[in-house]
2 protein chains.
Amino acid sequence: MSTIETAPDFTVLVVDDDHDVLAANARFLRVSGIDTLVAETAESALQRLQQHTVDVVVTDLRMPGCDGLEFARQARLSRPLMPIVFFSGFATVPDVVKAMRLGAVDFLEKPIEPEELLLTLQGIRDRYDGAIAAQRIAFGVSDETASFKTRVLAYEKYIIETSLLKHEGRISDVIDALQINRRTLNDKMLRLGITRFTED
Amino acid sequence: MSTIETAPDFTVLVVDDDHDVLAANARFLRVSGIDTLVAETAESALQRLQQHTVDVVVTDLRMPGCDGLEFARQARLSRPLMPIVFFSGFATVPDVVKAMRLGAVDFLEKPIEPEELLLTLQGIRDRYDGAIAAQRIAFGVSDETASFKTRVLAYEKYIIETSLLKHEGRISDVIDALQINRRTLNDKMLRLGITRFTED
DNA sequence: CGGTTATCGGCAGAAAACTGCCGATAACCG
DNA sequence: CGGTTATCGGCAGTTTTCTGCCGATAACCG
């Protein structure tokens, strides 16, 4: 909870036991402007998570020793909402189900096209942007201290704010997207202290 | 709470365009003590949902006309958090990902073993932890457009279920942690379809 | 057996949220 | 200038939710 701010960057942790593939993907991502951390084992990946602020994890499903699912479980303990992307070459339906149940946001198939990975990550950054913030609001703050009501209100605020951002401040679009009564939305914005013109 | 004394009704809606398979599965489920409704098309399934209280929907992913995903989207409009189980014979990884993103709780492969289906449904009834599915709805990354209300409900469900997990099912601890009125918590659990599980 | 603890649900009044109607305020466009 | 569009807030009736009180049901322990 120290001052880890000043980092609105987007940091990705890629976990893959194939050293060459890992290095290639990492290089591509870095060139594309994404802060990229790497790890070749689940253990070192967990360490990385403790040391850095990571926004997204990309991990192989099958790795020698600790597999990707177990790693994800461990990671979730400290980062409940962190987006996790799995990839695998021989994924079965149950594999995918298990991964998604663990909160995976996507499941890519090997061999990974660097372009595809980049698009996926950019998509997460754009759409999930708010969820990352929400993690800090609804979860980060909450650590046992925030009440149910507080967390729900924080979440409501997050939904409305991200929807506003997404629709560039057009209330009518937000009303349509969230299927919410105009009057109710106005009241909530007032109560939650949401204004249409935030820092851009 | 090991067994179900008061036998709360548990109604399943099975949607499959294959009449024979549907009939066979329905018969098996009914014999096994599960109230089972059937539908051979998405349209009639949606009708069933309006007419009956359904606890779980089991649907084929591929059906002539309206496909399973679209049907699930429609169903969610009236039953935002109802558990949905998909099944399919030729599911690709992206298929499974899409289904799970829509809040599916499981994905079975054809041909369906009646025993497996029964176990799945019993699992959902007895100790289904919908937290992750709720999380997916609340923080959906995809193009899914859940309403404000739906997402808030999903988030509330997520909070309560994870708190229950964390406190091993002790209501009093959850009340303390979430700072929520006992009566309110009970009502919410009822409304959101949250059941306490036995100790792990 | 009685006593304790934990949980649950009915009930009803209180509190809060929702929502339709109304008018007001801007900004923009001929 | 008048007309259109988008937004906002007051108000009030309706609906929903919250919450305290009460009793019921189990499980458990002497």
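In what follows, chains carry the letters A, B, and so on, assigned in the order in which the sequence lines appear, proteins first and then strands, with residues in each chain numbered from 1. The figures here come from the full heavy-atom set of this structure, side chains too, leaving out hydrogens, waters and symmetry mates.
Nucleotide C:dA6 holds its P atom 15 Å from the NE2 atom of B:His167, rounded to whole Å. Whole-Å rounding puts the B:Leu190 CG to C:dC11 P distance at 14 Å. Atom P of nucleotide D:dC28 and atom CZ of B:Arg170 are separated by 15 Å, given to the nearest angstrom. Residue A:Asp176 contributes atom CG, which lies 12 Å from atom P of D:dT7 at whole-angstrom precision. Distance A:Ile171 CD1 to D:dG9 C1': 13 Å, rounded to the nearest Å.
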### Task
Would you mind building the protein contact string for nucleotides 13-25 of chain C? One character per nucleotide, 5' to 3', B for base within reach (heavy atoms under 4.0 Å), S for sugar-phosphate only, - for untouched.
----SSBB-----
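A salt bridge does not link A:Asp173 with A:Lys166: none of the charged nitrogens is closer than 4.0 Å to a carboxylate oxygen.
Between the side chains of A:Glu43 and A:Gln47, no donor N or O sits under 3.5 Å from an acceptor N or O. Under the 3.5 Å distance criterion, with hydrogens and angles disregarded, no donor-acceptor pair is assigned to the side chains of A:Thr184 and A:Asp187.
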#### Entry: Verdict with supporting geometry, A:Phe107 and B:Met100, side chain to side chain contact (heavy atoms under 4.5 Å, CB included)
CA-CA 11 Å; A:Phe107 200 112; B:Met100 296 301 284; over 6 Å; no
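Residue A:Glu113 qualifies as open at atom CD: its count of foreign heavy atoms under 6.0 Å is 12 or below.
No donor-acceptor pair under 3.5 Å is formed between the side chain of B:Ser163 and the backbone N or O of B:Ile159.
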### Task
Convert the base pairs of DNA chain C into dot-bracket notation, remembering that pairs crossing earlier ones are written with [ ] and that bases paired across to another strand are shown as |; include only Watson-Crick or G-U pairs under 3.5 Å.
||||||||||||||||||||||||||||||
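The side chain of B:Ser172 places no N or O atom within less than 4.0 Å of a non-bridging phosphate oxygen (OP1 or OP2) of C:dT5.
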